[in-house]
Amino acid sequence: RKEVEQDPGPFNVPEGATVAFNCTYSNSASQSFFWYRQDCRKEPKLLMSVYSSGNEDGRFTAQLNRASQYISLLIRDSKLSDSATYLCVVKSYGGSQGNLIFGKGTKLSVKP
Amino acid sequence: EAGVAQSPRYKIIEKRQSVAFWCNPISGHATLYWYQQILGQGPKLLIQFQNNGVVDDSQLPKDRFSAERLKGVDSTLKIQPAKLEDSAVYLCASSLVQGQIQSYEQYFGPGTRLTVT
């Protein structure tokens, strides 16, 4: 089982739609979780952290279910500018100070 | 604030040749990472430095890859000799350490796109 698995995508949605991405992780000892955004041929950038209580940033809502080892990202009222690949990221507290383990990403395409 | 700088942006080499990539992290960021991102995959950590010391190089193919950060600032990643499967984007990232706390946010450079033919 891969350490971080995501919906394969691509997700093609119209502007204004609500879209949800799911992610599962295999290491139950993982402590920190994030969503990064990567635009085409660009570097990844932190979108938001994911907290146990769930957290919201504008149109974006992230949730964590530790029992199911499951993370989600909900985007409401999709904009054309939301088109990107969304990477689920888990901080693994292995041998060193903790490294980021990235999922393969889910590609979102928002159409007019 | 200047971001993470990388060069070159693109490189095409033949298999068995050597190549080197350079990274200059954000000023003051003690931790520097090199990632390999193959098309269609997420970034995979190759090596992590804190200042000029290696923290984790468990996923670095040491028979052909090497990296150094001699003065705790800039870093170079070298591949010698390159294989076809090394074709990927090589991303450098840096993060801040405040006291004993490692910041979770990593700032990525634009990457070097390597094509091995």
Side-chain angles (χ1 to χ4, degrees), chain A residues 2-10 21-27 30-52 55 57 62 64 71 73 84-108, chain B residues 3-7 9-10 21 23 25-26 29-51 53-60 88-115:
Chain A
K2 294 195 190 309
E3 289 195 67
V4 179
E5 294 199 68
Q6 297 186 238
D7 284 350
F21 303 139
N22 304 317
C23 171
T24 57
Y25 60 95
S26 61
N27 186 348
S30 299
Q31 294 294 318
S32 303
F33 310 90
F34 313 94
W35 285 99
Y36 272 68
R37 171 190 168 133
Q38 186 170 25
D39 291 296
C40 187
R41 301 179 78 87
K42 298 284 190 181
E43 69 274 21
K45 292 183 179 178
L46 179 65
L47 177 65
M48 60 196 302
S49 302
V50 186
Y51 302 121
S52 296
N55 50 299
D57 182 2
L64 168 66
I71 306 158
L73 177 68
T85 295
Y86 291 83
L87 299 162
C88 177
V89 186
V90 171
K91 194 171 179 80
S92 166
Y93 288 90
S96 64
Q97 296 182 31
N99 296 318
L100 298 185
I101 310 296
F102 286 79
K104 287 187 176 183
T106 300
K107 186 172 181 180
L108 171 66
Chain B
V4 176
Q6 289 189 246
S7 68
R9 293 295 308 278
Y10 304 91
F21 312 128
C23 172
I26 292 173
H29 282 198
T31 309
L32 184 148
Y33 312 80
W34 282 103
Y35 288 87
Q36 180 192 59
Q37 186 172 23
I38 292 171
L39 188 65
Q41 312 255 337
K44 184 185 86 170
L45 180 70
L46 294 175
I47 189 166
Q48 176 185 349
F49 291 95
Q50 180 148 332
N51 297 309
V54 175
V55 174
D56 185 353
D57 63 358
S58 57
Q59 297 194 89
L60 187 73
V89 177
Y90 290 84
L91 294 160
C92 179
S94 68
S95 65
L96 198 57
V97 177
Q98 295 173 307
Q100 298 296 315
I101 306 298
Q102 174 81 24
S103 171
Y104 58 78
E105 182 168 6
Q106 295 185 13
Y107 295 83
F108 285 82
T112 297
R113 188 172 298 272
L114 174 67
T115 302

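Numbered from 1 within each chain, the chains take letters A, B, ... in sequence-line order. Small disclaimer: the values here were computed from a predicted structure and weren't measured.
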K.L.:
Below 4.5 Å, heavy atoms only, C-beta onward: do Leu100(A) and Tyr35(B) meet side chain to side chain?
P.N.:
yes
K.L.:
With rounding to the nearest 0.5 Å, note down the distance linking CD in Gln106(B) to CD in Glu43(A).
P.N.:
13.0 Å
K.L.:
Check each atom of Ser49(A) against the heavy atoms of chain B and say whether the ones under 4.5 Å are side chain, backbone, both or neither.
P.N.:
side chain
K.L.:
Where is the tightest heavy-atom contact between Pro44(A) and Leu91(B), given as atom of each residue plus distance?
P.N.:
CD-CD1, 4.0 Å
K.L.:
Tell me which of these, Gln6(A), Lys107(A), Lys42(A), Gln38(A), has more heavy-atom pairs under 4.5 Å with chain B than the rest.
P.N.:
Gln38(A)
